[in-house]
Amino acid sequence: MKIGHLRTNQITNPLGFEFERLCLSWITETGGSNSVFQNFARVEVALDSDFNQIVFDSGKKQDIDSLSYTPDIDLKPRTRYFWRVTVWGNADDVVTSDVAWFETAKMNEPWQAEWITPSLGKEIHPLIRKEFHLSSEFVSARAYICGVGLYELELNGKKAGEEYFAPGYNAYDYWLQYQTYDITDLLVSGDNAIGITLGNGWYKGRFGFEGGYHDLYGDKFALIAEFIVTLKDGTEVVLPSNQEWKCAPSPILFSGIYDGEIYDANLQNNNWTLSGFNDSKWSHVRSAEMNTEKLQARLSLPVKIMEERKPVDIILTPAGETVLDFGQIMTGWVRFRANTAKGTKHHLQYGEILQEGNFYRENLRTAKAEHIYISNGKPCEVQPHFTFFGFRYVKLNGFTGEVNLDDFTGCVIYSDLEETGRIETSNPLVNRLFQNALWGQKGNFLDVPTDCPQRDERMGWTGDAQVFAPTACYNMYSPAFYRKYMYDLRQEQVRINGSVPFTVPTVKPKDDNGFINGHGSSAWGDAATVIPWTLYQNYGDKELLRNQFDTMKDWVDYIKKIDDESGGKRLWMTGFHFGDWLALDGRDPHSPMGGTDSYYIASAYYCYSAQLVAKAAKVFGKHEIAEEYNKLSNEIKEAIMKEYFTPNGRSAIHTQTAMIVALYMDLIPEDFRERVINDLKAKLREDKMHLTTGFVGTPYFCTVLSENGANDFAYSLLLNEDYPSWLYGVKLGATTIWERWNSVLSNGSISDTGMNSLNHYAYGSIAQWMYQQMCGINPVDEAPGFRKIKFSPKPYGKLTYAKASVFSASGLINSGWEIKEDGSLSFCFTIPFNSTAEVFLPDALLYNIKVNNVGILDSGLEAVQLEKNVRCVLAAGNFVFEYMPNKNYILTYSSDTSLKELIENEKTKNILVQQLPGLVEHELIQHFSESTLKELIGVPLFINIVTPEKLNQVDQTLLSVRM
């Protein structure tokens with residue numbers, strides 16, 4: 001066995017985070033051991049890494065859970081704690097982990113520092129500095145600091161930490177995060193200097209929907225900082241921010257989230273963060289009229305440069321522009337080497353797409369998205385400080401001479417999240433689609449789950465966040481990231497009586513038109529219930545769910561109050577709702593509103609969220625609450641049935657989304673499910689096997705199909721390559737997920753400039769289906785965090801293989817399948833230590849299966865035949881199952897194949913031309929493209945072309961062509 005991934009509050013070695021709740025977690029792997037589950041565990045916490053000063057020892061116990069363990073410790077401020085865990089396996093082996101640590105921040109200690117503000121104009125970006133002397137030897141030093149809008153800290157000429165955009169973006173009107181830095185290695189005995197740069201950021205810069213607002217949270221730069229140095233004799237030296245600190249204008253002439261940054265290197269104060277710098281002409285700062293009551297230790301993960309990418313090409317456009325192509329839409333900036341004459345203005349403009357070969361960025365709306373650097377004539381490396389861009393292309397101006405690709409580096413920035421999920425299939429387009437979804441997450445998980453990173457928006461829309469949360473938790477280890485987002489959501493919620501804003505944090509301009517800080521829309525507000533339950537399913541952290549339970553309950557109570565006040569019909573029939581946003585079935589093709597009744601969607605989510613509250617209550621043994629919300633859910637379900645379904649189970653709303661939601665959210669009785677899934681399939685055929693869904697219907701569509709006997713329909717949607725489909729964008733060169741199904745038209749032109757992001761992750765939720773249905777990796781509510789796994793992979797013959805891996809909260813999970821040349825199926829599974837799995841093998845006969853080259857009946861595994869499938873229970877380990885299935889998984893063309901597919905394949909098209917002359921060339925054939933050859937029999941137009949006799953001959957030939 002081996003133990004790794006030790007995390008405190010789901011973070012590795014967190015420094016200065018909020019520890020109101022303390023949760024320790026780790027992952028045990030078999031590591032060649034015979035043990036497959038934990039018998040006992042022991043957790044020790046100490047004040048030193050040698051564990052001579054132990055402050056907590058659980059002892060050897062059976063009930064310690066590696067997913068979430070809370071030691072009973074009275075934490076002290078500004079203290080580093082070390083911890084380790086010992087595990088005893090069921091094969092009598094024992095292992096002890098390496099040492100992990102966490103360090104508290106100031107907690108309830110009063111601040112000795114005061115808020116200060118530069119004595120400069122409010123738009124002048126300041127430099128703030130202070131020198132100090134350390135006369136004695138020191139052993140450690142910490143900086144506790146918050147600056148608004150954004151800040152960067154240097155000591156003795158070196159940047160403190162690796163993060164950017166501190167203190168992060170949160171609901172500043174309710175709380176402010178301060179960060180903790182270990183600055184021990186940046187200090188020297190003797191003279192030292194502190195330097196802090198401030199920028200506008202979200203706090204006071206232009207920000208918000210419809211072009212943005214200024215000074216949303218404040219109109220002054222401000223800073224509070226406390227530097228505490230511990231000397232060798234144990235005494236502490238405290239250096240607080242106060243009015244003795246000095247300030248001067250920064251070389252940053254402008255910074256903004258939307259518009260970029262202007263930096264004039266000729267205004268640099270060289271060596272200003274070194275001791276001995278002459279600051280006699282600098283001004284003293286003033287005391288800021290702010291208090292410390294809002295200050296809290298950080299929750300935000302640091303935003304870092306997580307990857308670096310070199311440009312793949314230099315393009316000289318037809319318009320004569322010089323443009324760098326990075327080959328991938330990303331979020332961040334370009335770092336470049338400058339060595340030009342003094343006064344040279346280097347101008348970089350950022351965009352997502354070219355149009356007619358030229359640089360383009362009209363879809364960024366009012367965002368200037370530019371970086372201007374004015375050279376002082378000295379060679380240097382340049383990157384912006386307080387802005388970021390969503391881009392693939394960068395237009396260059398002011399770069400003299402031949403442009404060298406080696407001088408440019410794309411810095412990819414996002415919150416410090418570990419990638420945990422991978423998917424690969426036999427189809428390169430599907431593989432690219434998965435990468436696009438992953439890149440959409442990278443591009444939009446910058447402290448807040450944003451809707452887009454490029455235009456004048458970049459806000460934390462709650463609807464986008466909730467539909468993508470399950471995919472996000474497979475792709476990346478996300479509990480700490482979402483914990484901060486849900487904390488912000490709660491801060492907003494408690495002030496609007498349980499409702500949930502459209503965006504979190506909420507932008508609250510003084511002259512709001514009523515929409516910007518709006519709240520209470522279904523699907524958007526249901527982030528309050530969906531995200532906490534998703535986190536619990538994926539990570540099994542019961543305490544995190546407990547902290548968010550009131551958020552869940554209050555949201556449903558808010559809806560119920562509206563319901564009660566409007567007649568108690570157990571439907572949500574009032575207010576504004578986004579509905580199936582950006583669906584393609586709306587009455588007005590220019591409107592973003594879909595065709596599904598928004599009150600039906602609202603009522604459906606009302607029911608669904610009540611179900612989730614009941615489930616969460618059950619986790620904590622709150623049986624009365626669970627019963628209350630189950631009863632509420634059933635009442636809503638009954639009301640929905642009466643209002644929106646006929647007595648025989650037909651949906652009165654004839655849209656794809658209406659039927660998808662009914663099936664996914666369990667709104668209908670079991671005996672109606674077959675009717676509704678058949679109606680949905682018929683609707684799909686009516687829509688020529690293409691989706692027309694938006695933000696509500698799309699995330700659930702393929703899952704509903706696969707779970708209700710229509711797996712082939714799900715794969716058809718996945719593999720469609722024409723508009724509207726996921727692969728349509730991939731075929732056009734998309735490297736992220738688009739906001740609209742047709743963000744780019746087939747001719748390469750962008751479809752709309754008003755609301756058209758090329759990096760918008762919502763439709764990337766198809767990756768959830770790929771993990772859970774295609775590859776079959778599913779959490780189980782009764783044993784969350786993948787303590788129990790349901791493997792139910794669903795192969796399909798248009799792919800020859802698919803495989804997924806997830807490094808879950810319990811450890812590494814693999815699931816993959818392959819259709820061999822002889823038609824046999826092979827499945828590979830990895831179950832992590834201390835977990836079990838229930839495997840469902842499709843179209844299998846028990847006696848026909850081999851597992852790890854042994855007949856399953858001789859393997860000792862628990863396995864049973866369930867109609868067409870076989871169910872098997874597995875403990876930790878690696879397993880390979882092989883068998884010949886009951887049905888043929890090698891797909892061939894036939895008379896049951898749509899005409900569209902037959903004509904698109906050159907071989908089958910030639911067969912039709914030769915054996916059914918006149919069919920392919922028929923002037924009306926396009927109107928029957930979704931029909932099969934069989935369905936053409938009896939159609940008057942083709943009665944002399946397609947006869948039963950001819951069809952039989954064609955079928956024999958078509959069956960020889962493999963899909």
Within the 6.0 Å centroid threshold, strictly below: Tyr164 and Trp333: yes

Distance-only donor-acceptor check, side chains Ser275 and Asp191, under 3.5 Å: no

Closest non-hydrogen atom pair between His125 and Ser255, with its separation: NE2-OG, 2.7 Å

cation_pi(Arg298, Phe17) dist<6.0 Å, angle<=45: yes

Asp185 CG: over 12 foreign heavy atoms closer than 6.0 Å: no

Atom pair CZ/CD1 of Phe138 and Ile228 - distance to nearest 0.5 Å: 15.0 Å

Side chain to side chain contact (heavy atoms under 4.5 Å, CB included) involving Ser300 - partner list, sequence neighbours excluded: Gln177, Asp447, Lys484

salt_bridge(Glu131, Arg129) N-O dist < 4.0 Å: yes

Mutual orientation of the aromatic rings belonging to Tyr263 and His385 [parallel < 30°, tilted 30-60°, perpendicular > 60°]: parallel

More than 12 heavy atoms of other groups within 6.0 Å of Lys310 NZ: yes

Where at least one partner belongs to residues 146-162, residue pairs that pass salt bridge (charged side-chain N to carboxylate O under 4.0 Å, His left out), sequence neighbours excluded: Glu162-Lys304

Asn266: side-chain hydrogen bond (donor to acceptor under 3.5 Å, both in side chains) partners, not counting sequence neighbours: Asp264

All pairs passing side-chain hydrogen bond (donor to acceptor under 3.5 Å, both in side chains) where residues 214-223 contributes a residue, at least two apart: Lys122-Asp215

With sequence neighbours excluded, residues passing ring-ring contact (aromatic ring centres under 6.0 Å, His included) with Tyr414: none

Pairs touching residues 249-260 that satisfy salt bridge (charged side-chain N to carboxylate O under 4.0 Å, His left out), sequence neighbours left out: Arg206-Asp259

Check: Tyr181 and Ile145 side chains under 4.5 Å, non-hydrogen atoms: yes

Test side-chain hydrogen bond (donor to acceptor under 3.5 Å, both in side chains) applied to Lys442 - qualifying residues, sequence neighbours left out: Glu307, Glu419

Heavy-atom pair with the smallest gap, counting every atom of Gly147 and Leu198: CA-CD2, 4.1 Å

With sequence neighbours excluded, residues passing side-chain hydrogen bond (donor to acceptor under 3.5 Å, both in side chains) with Gln243: none

Flag for Thr450-Asn444: side-chain donor and acceptor within less than 3.5 Å: yes

Test side chain to side chain donor-acceptor pair (under 3.5 Å) applied to Trp175 and Asp488, step by step: CA-CA 9 Å; Trp175 67 298; Asp488 266 326; 2.8 Å; yes

Closest non-hydrogen atom pair between Tyr258 and Glu457, with its separation: OH-O, 2.8 Å

cation_pi(Arg458, Tyr169) dist<6.0 Å, angle<=45: no

Under 3.5 Å side-chain donor-acceptor pair for Tyr487 and Gln548: no

Residues Arg142 and Glu236 bridged, charged N to O under 4.0 Å: no

Closest non-hydrogen atom pair, Gly398 against Thr344: O-CG2, 3.3 Å

Distance-only polar pair, side chains of Asn170 and Trp202, donor-acceptor under 3.5 Å: no

Nearest heavy atoms of Tyr174 and Lys508, plus distance in Å: OH-CE, 3.5 Å

Contact check, side chains of Pro167 and Leu150, non-hydrogen atoms, under 4.5 Å: yes

Listed partners of Phe386 passing ring-ring contact (aromatic ring centres under 6.0 Å, His included), at least two apart: none

Test ring-ring contact (aromatic ring centres under 6.0 Å, His included) applied to Phe51 - qualifying residues, sequence neighbours left out: none

Ring centre gap for Tyr213 and Phe207 strictly below 6.0 Å: no

All N/O donor-acceptor pairs, side-chain side in residues 334-341, below 3.5 Å, sequence neighbours left out:
unit_1	atom_1	unit_2	atom_2	d
Arg335	NH1	Glu308	OE2	3.4
Arg335	NH2	Glu308	OE1	3.2
Arg335	NH2	Glu308	OE2	2.7
Arg337	NE	Asp407	OD1	3.1
Arg337	NH2	Asp406	O	2.9
Arg337	NH2	Asp407	OD1	3.0
Thr340	OG1	His346	NE2	3.0

Pairs where residues 284-294 contributes a residue and the test salt bridge (charged side-chain N to carboxylate O under 4.0 Å, His left out) is met, not counting sequence neighbours: none

N-O pairing of Glu109 and Arg78 below 4.0 Å: yes

CA sep, side-chain torsions, deciding dist, call: Tyr477, Gln10, side chain to side chain donor-acceptor pair (under 3.5 Å): CA-CA 9 Å; Tyr477 198 81; Gln10 309 294 353; 2.6 Å; yes

